[in-house]
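Everything below concerns the one structure shown next.
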There are 2 protein chains.
Amino acid sequence: MILRMNETSSTAPRASGARPGGRSARVQAAVHQAVNELQATGRDAVTVPAIAARAGVTPSTIYRRWGDLAQLLADVAVSQMRPDTLPADTGAYRNDLLTWLDQYRDEMSSELGRCMLRDVLSAQGRENPGRCVSFCAQQLDTIAERASARGERPVRTEVLLDGVVAPLIYRILFAAETPSTDDVTRWVDAVIDREA
Amino acid sequence: MILRMNETSSTAPRASGARPGGRSARVQAAVHQAVNELQATGRDAVTVPAIAARAGVTPSTIYRRWGDLAQLLADVAVSQMRPDTLPADTGAYRNDLLTWLDQYRDEMSSELGRCMLRDVLSAQGRENPGRCVSFCAQQLDTIAERASARGERPVRTEVLLDGVVAPLIYRILFAAETPSTDDVTRWVDAVIDREA
DNA sequence: TGTCTTAAAGCAATGGTTTTGCTTTAGTGG
DNA sequence: CCACTAAAGCAAAACCATTGCTTTAAGACA
C-alpha cells in the first residue's frame, strides 16, 4: 500500500470552534475562488497581494494561514483534484479502468492539470502529494470493488498505480510529449495480462 | 521514444566569445557552488541575495542570467543530476540494470535527490525535466548496448522508463514511503519477464 | 601588443512582496 | 448576555525583485 489518507481539509484551522460556515470557512472559500479566478488571467497575476485584494482580505491573513504562496497554490490544487463523483460504471472492469484512467490522463495532461501537479509538488511538506495518490487510489478501489461484486478478478490498486498511473504522471511531468489514450490502453492491458 | 536531448549546458551565454574559463564560466561556477553550500545550511537560507553575496556577485547578475530563483535552482539541480561516469559493467545485463537502477533509486530518494527533483519541476519551461529523462535514458542505453554486444537481448529503454523509472520517481515524489531495493528488483524482473 | 567591440557584471534607485507587533472583530461556550 | 479565544485587520519595517545606466573584461583584429 503506497498511501492512504482521509483528512477532510488541509489548512483549515478547526482548532476549537470553526464550524462550516464560520468566518474561517468563508475566508478560505473566498481565497480559493480568488486564486482560481487569477489563475485564469495568467500565471504572473497570481501573487499574494493580488489574491488578497480580490478575496477581500489582507495579505497578512494569507501569509498567516498558508505560510506562503506555494502552499496556498498547493492547497487549492489539491482541493481541485479531489474527485467529486464516483467513476462511471460501464458494466465491465477493463472498460471501467480505461474510461476512468483516460479521463484522468486527459485532466492531468491539460495545461491546468500540469499546473496543479507542479503546484502540489512545489510546496514543502509531503501531505499534499500524498493526498493526490490517495484520491486516485480511492477511485481505483471503487472500480475494483465493483469488479469483485460482479465476480471479476480485479488487479490490485497498487499494481495499477505502479503500472499505469506512474508512467502517466511521470511522462506528463518529465517528457516532452504528453501520453495518449493508446498509451493508457497499452499500460492497462499489460497490467491486466500480467496479473491474470 | 520519450525524449532525447544533447545540449551541453543550460543557461550559459556563449553568444560569440565566452570560452570555458572566461568570466561567464567563472561566475556560473561560483554561483553554482554558492547554491550548493547554502542548500546544505537549510532551505530557507537559499535566497538570491544570499547566493549572490556568497558567490561574490550582485543579485542583478543572477536575475539577468537565470531569470529567477526557481530557474537557478533547476539549473543547479540538473547539472548535479548529469551523470559523470558510465554505469558499472558487471558482466550481465540484469545485474547491470539492478546495480545502476538501485543506485539511481538511492540518489533520488535521498533528501537531496527529492529537492533536486522538486527544483527541476518547479521552474517554468520543460527543458530541464526533459534533460533528467535524457540523462537516465542515456545510461540505460549504454547498459543495453553492452548487453547486445554480449549477445543478450536487452529491454527497450522506453519500456524500462515506463516500467521501472516511472514508478520509482512517482513514489519518491508522491508517496509517503520511498521505494526500496526490493521494489526496484521486482519492477526490473517484471519488465524483463514480460519482454522475454 | 594595442585598440576596438560587445556581452556580461556592477551600481543604485524603485517598486513590490513578505513579515511582524499590536489591535480589533467574530464566533463559541458558559 | 458576557467572557474567552482564534483569526483577521492594520500599518510599519525589512527584504526581495526589477530596471536603466555605467563600467569592466574577454576576445578579435590589425
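All figures in this text were calculated on a predicted structure; none of them were measured in a lab. The analysis underlying the following values was restricted to heavy atoms, covering all of them including side chains, and did not include hydrogens, waters or symmetry mates. Quick note on labels: first sequence line is chain A, next is B, and so on, each numbered from 1.
- In the region residues 38-58 of chain B, proximity to DNA chain D at under 4.0 angstrom, judged on heavy atoms, holds for B:Thr47, B:Val48, B:Pro49.
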Please list each protein N or O that sits under 3.5 Å from an N or O in nucleotides 19-23 of chain C, with the distance.
from, atom 1, to, atom 2, distance (Å)
C:dG21, O6, A:Arg64, NH2, 2.4

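- B:Arg26 has its CZ atom 15 Å from the C1' atom of C:dG10, to the nearest Å.
- In this structure A:Arg54 satisfies the salt bridge (charged side-chain N to carboxylate O under 4.0 Å, His left out) test together with A:Glu37, sequence neighbours excluded.
- Taking B:Arg94 as the reference, B:Asp189 meet the salt bridge (charged side-chain N to carboxylate O under 4.0 Å, His left out) condition, with sequence neighbours excluded.
- Taking all atoms of both residues into account, the shortest heavy-atom contact from A:Gly163 to A:Val191 is CA-CG2, 3.9 Å.
- Remark: A:Arg153 engages no residue in a salt bridge (charged side-chain N to carboxylate O under 4.0 Å, His left out) (not counting sequence neighbours).
- Taking atom CH2 of B:Trp66 as the reference point, atom C1' of D:dT18 lies 17 Å away to the nearest angstrom.
- Applying the side-chain hydrogen bond (donor to acceptor under 3.5 Å, both in side chains) test to B:Asp96 and every residue at least two apart in sequence or in another chain returns B:Thr90, B:Arg150.
- For A:Pro154, the side-chain contact (heavy atoms from CB on, under 4.5 Å) partners at least two apart in sequence or on another chain are A:Tyr93, A:Ala144, A:Ala147, A:Ser148.
- Taking A:Arg194 as the reference, nothing meets the salt bridge (charged side-chain N to carboxylate O under 4.0 Å, His left out) condition, with sequence neighbours excluded.
- Whole-Å rounding puts the B:Arg23 CZ to D:dA26 P distance at 7 Å.
- The distance from atom CD of B:Gln28 to atom P of C:dA7 is 18 Å, rounded to the nearest whole Å.
- In this structure, the CG atom of A:Leu72 is 15 Å from the C1' atom of C:dT17, given to the nearest Å.
- Taking 4.0 angstrom as the limit, B:Arg65 places a side-chain polar atom (N or O) nearer than this to OP1 or OP2 of C:dA9.
- Every residue two or more places apart in sequence or in another chain was checked for a side-chain hydrogen bond (donor to acceptor under 3.5 Å, both in side chains) with A:Glu195, and none qualifies.
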